[in-house]
Amino acid sequence: MAPMAAILTMFALTFAAISWLSLLCACFRQGTVTGLLAFFLPPLGLLVLLPRWQEEAEPFATAATALVFISIAGIF
């Protein structure tokens with residue numbers, strides 16, 4: 001099952017990168033300080049966007065997808 005775990009890990013890394021880029025875009029739209037916060041500390045950037053999660057749903061959805069893929073890869 002090692003090839004399956006490797007493929008799922010690559011999917012997780014890809015979705016995490018997409019999530020981070022969309023988080024950066026959303027945070028820089030909100031302001032420069034929050035954008036820099038998201039650049040250096042992405043979990044805090046997600047917390048800053050949490051009150052507006054319905055408007056900016058893409059970073060949350062892709063981060064959740066990455067979490068699901070890495071969890072399944074950990075099982076294999």
Side-chain angles (χ1 to χ4, degrees):
M1 284 295 183
M4 183 69 144
I7 291 171
L8 289 171
T9 302
M10 289 306 297
F11 276 130
L13 290 174
T14 304
F15 278 111
I18 292 169
S19 174
W20 185 62
L21 290 175
S22 63
L23 175 68
L24 285 177
C25 289
C27 284
F28 272 113
R29 271 193 301 257
Q30 192 173 3
T32 305
V33 175
T34 57
L36 289 174
L37 180 72
F39 183 78
F40 292 112
L41 299 168
L44 290 179
L46 281 173
L47 286 176
V48 169
L49 283 182
L50 197 57
R52 298 177 6 168
W53 73 272
Q54 292 174 338
E55 299 166 5
E56 304 288 347
E58 184 179 355
F60 293 103
T62 53
T65 305
L67 183 64
V68 166
F69 277 131
I70 201 67
S71 298
I72 294 172
I75 292 170
F76 287 125

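Keep in mind that the numbers below use all heavy atoms, side chains included, and drop hydrogens, waters and symmetry copies.
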Hey, what do you get for [atom1] ([X]) to [atom2] ([Y]), rounding to the nearest 0.5 Å?
{"X": "T9", "Y": "I72", "atom1": "OG1", "atom2": "CD1", "result": "11.0 Å"}
{"X": "L21", "Y": "E58", "atom1": "CG", "atom2": "CD", "result": "10.0 Å"}
{"X": "R29", "Y": "E55", "atom1": "CZ", "atom2": "CD", "result": "10.0 Å"}
{"X": "L36", "Y": "L24", "atom1": "CG", "atom2": "CG", "result": "9.5 Å"}
{"X": "F60", "Y": "T65", "atom1": "CZ", "atom2": "OG1", "result": "13.0 Å"}

Cluster link [X] to [Y], ILVMFWY, side chain under 4.5 Å:
{"X": "F15", "Y": "L8", "value": "yes"}
{"X": "L23", "Y": "L47", "value": "yes"}
{"X": "I18", "Y": "L67", "value": "no"}
{"X": "W20", "Y": "L13", "value": "no"}
{"X": "L44", "Y": "L50", "value": "yes"}

request  = Report the residues that fulfil side chain to side chain contact (heavy atoms under 4.5 Å, CB included) with F11, sequence neighbours left out, ordered by chain and then residue number.
outcome  = I7, F69
request  = Indicate the atoms forming the closest heavy-atom contact of A16 with A66, along with that distance.
outcome  = N-CB, 3.7 Å
ask   = Shortest non-hydrogen contact from A38 to C27?
value = CB-SG, 3.6 Å
request  = Might you work through the side chain to side chain contact (heavy atoms under 4.5 Å, CB included) test for R52 and Q30, ending with a clear yes or no?
outcome  = CA-CA 11 Å; R52 298 177 6 168; Q30 192 173 3; 4.2 Å; yes
